[in-house]
Amino acid sequence: MRGMSQAKNSILSGINIMAKRVKIKIGDVFCQEHGDGYKSYFQYIADDSEKDGCPVIRIFKTRYAVSENPGIEDVISSEVGLYVHTDVVSGSEFGGGWYKVGESADLGLDGLALARFVELGDKSDDEGEWSIDKLSRLDPYEECFVWRCDEPRENIGPVNPGDWMAGDAFDGSVYLWPKTVELIKTGYITQRIEMALIDDIVKRRAWPWVDSYTSLIDPLTKFQYYFHFQGDNLVCEVIEKPDGNTVCLSPDKPIADGCSLFDGKFGDIGWHSHEFIGKEKFESVSDKCERDSTAPAGNGGFLRGLRDRLCGR
């Protein structure tokens with residue numbers, strides 16, 4: 001036990017020493033490698049007083065090959081994809097996180113001033129304490145808080161699922177550094193443990209190069225829908241009936257056997273964590289579809305109705 005305690009103290013001591021060595025300040029620019037030969041950048045631009053001084057970063061939308069070395073001015077002049085609250089220091093301390101590459105006095109504050117942050121109610125009781133016995137009757141949509149960096153928040157609730165905020169709205173949650181890494185790499189996160197309902201209010205943003213695979217089931221007819229998006233655009237859709245018959249659709253083949261291709265975007269749907277599937281699962285369904293010689297017919301009206309519900313129309 002003494003040896004384990006000594007090892008633990010040694011690790012903690014090493015982390016403390018590392019924390020002391022990290023010198024991070026507003027204006028610093030960081031690089032995050034994706035692990036697939038590409039990398040992206042972000043800049044630490046503010047401390048939000050409305051979130052107890054939590055750091056705010058702006059994530060740039062452009063990705064670069066690992067072999068490229070863009071100048072700092074080129075990096076910060078590129079398009080901003082996201083504004084995020086996160087712990088900048090922690091992500092620079094651990095393997096797999098980001099590393100500092102430079103700094104700039106240009107913080108892009110004009111853009112930050114236009115960004116709105118959103119959080120839903122936290123299901124707490126009148127004293128602000130978590131209340132397990134009240135979870136069944138408390139509705140987080142009753143309270144929807146909106147604010148801009150360093151400005152007081154405003155409750156604009158109640159809101160309804162599918163009441164999409166404008167494009168200047170961003171999730172105001174504080175992200176742990178591993179989730180921030182996922183945001184930098186893809187533009188969104190798939191597994192949201194806390195405040196998952198924010199996806200019903202703030203649209204996910206997928207970077208143009210990111211492949212996303214999702215699935216939805218209609219509870220009435222048991223039709224299963226599989227989607228492959230690249231960025232915001234639909235690449236392929238597979239529809240599977242309860243009897244196993246399938247039909248494949250794509251932009252080159254938008255109509256087949258009475259079915260029509262979903263005409264929305266990736267961000268039009270408030271995806272829940274369990275609706276994301278892997279590439280392998282999608283490809284197995286797609287391969288089966290190609291092997292099938294028959295497909296359901298005459299369900300175009302049903303598909304249009306489903307799309308209306310998904311898009312909140």
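All values below come from the heavy atoms of this structure, side chains included, with hydrogens, waters and symmetry mates left out.
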Which residues pass the salt bridge (Lys or Arg N to Asp or Glu O under 4.0 Å) test with [X], not counting sequence neighbours?
X	answer
Asp168	Arg116
Asp232	none
Lys203	Asp268

Spell out, yes or no, whether [X] and [Y] are grouped together once hydrophobic residues are joined by side-chain heavy atoms under 4.5 Å, including indirect joins.
X	Y	result
Val89	Tyr44	yes
Trp271	Ile189	yes
Leu109	Tyr83	yes
Leu234	Ile255	no
Ile57	Leu176	no

Quick one: side chain to side chain donor-acceptor pair (under 3.5 Å) pairs with a partner in residues 276-286, sequence neighbours left out?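 Of all non-adjacent pairs touching residues 276-286, none passes side chain to side chain donor-acceptor pair (under 3.5 Å).
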Which residue pairs pass the side chain to side chain donor-acceptor pair (under 3.5 Å) test with at least one member in residues 54-82, sequence neighbours excluded?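 Qualifying pairs: Gln43-Arg58.
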Heavy atoms, side chains only, cut-off 4.5 Å: are [X] and [Y] in contact?
X	Y	value
Val84	Val56	no
Ile156	Glu154	yes
Phe145	Leu120	no
Val101	Tyr41	yes
Val202	Phe170	no
Val88	Trp98	yes
Trp207	Tyr188	no
Leu82	Leu183	yes

Listed by chain and number, what are the side chain to side chain donor-acceptor pair (under 3.5 Å) partners of Lys100, not counting sequence neighbours?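 Partners of Lys100 by the side chain to side chain donor-acceptor pair (under 3.5 Å) criterion, ordered by chain and then number, come out as Asp28.
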Applying side chain to side chain donor-acceptor pair (under 3.5 Å), can you list everything that pairs with Asn233, at least two apart in sequence or on another chain?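 Once residues adjacent in sequence are excluded, the partners of Asn233 under the side chain to side chain donor-acceptor pair (under 3.5 Å) criterion are Lys265.
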So does [Y] get a backbone contact from the side chain of [X], meaning a donor-acceptor N/O pair under 3.5 Å?
X	Y	answer
Arg148	Leu114	yes
Asp106	Gly108	yes
Glu275	His272	yes
Asp211	Gln230	no
Ser90	Asp87	no
Trp147	Glu119	no

Of all heavy-atom pairs between [X] and [Y], which one has the smallest distance, and what is that distance?
X	Y	value
Cys289	Thr246	CA-OG1, 3.1 Å
Ser40	Ile184	CB-CG2, 3.8 Å
Leu107	Gly27	CD2-CA, 3.5 Å
Ser49	Asp150	N-OD1, 2.8 Å

Scan Trp177, Phe30, Tyr175 and name whichever one has a ring pair (Phe, Tyr, Trp, His ring centres under 6.0 Å) with Phe42.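 Exactly one option meets the ring pair (Phe, Tyr, Trp, His ring centres under 6.0 Å) with Phe42, and it is Phe30.
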What residues, two or more places apart in sequence or in another chain, satisfy ring-ring contact (aromatic ring centres under 6.0 Å, His included) together with [X]?
X	result
Phe60	none
Tyr226	none
Phe282	Tyr213, His228

Sorted by first residue and then second, give each salt bridge (charged side-chain N to carboxylate O under 4.0 Å, His left out) pair with at least one member in residues 39-50; sequence neighbours left out.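 Listed by first then second residue: Glu50-Arg153.
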Counterpart residues, disulfide (SG to SG under 2.5 Å), relative to Cys144 (two or more places apart):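 With neighbours one apart ignored, the set is empty.
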Distance from Arg205 atom CZ to Asp171 atom CG, nearest 0.5 Å?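 So the CZ of Arg205 and the CG of Asp171 are separated by 10.0 Å.
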Got a second to check how far Ser212's OG is from Phe229's CZ, nearest 0.5 Å?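 So the gap between those two atoms works out to 8.0 Å.
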Residue pair [X] / [Y], side-chain donor-acceptor N/O under 3.5 Å:
X	Y	value
His85	Ser173	no
Glu240	Tyr225	no
Ser250	Glu237	no

Looking at Tyr38, I'd like to know if its OH atom is crowded, meaning that more than 12 non-hydrogen atoms belonging to other residues, nucleotides or ligands lie closer than 6.0 Å.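 Atom OH in Tyr38 is not packed in, count stays at 12 or less.
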Does the SG-to-SG distance between Cys236 and Cys248 fall under 2.5 Å?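 Cystine link not detected, SG atoms outside the 2.5 Å cut.
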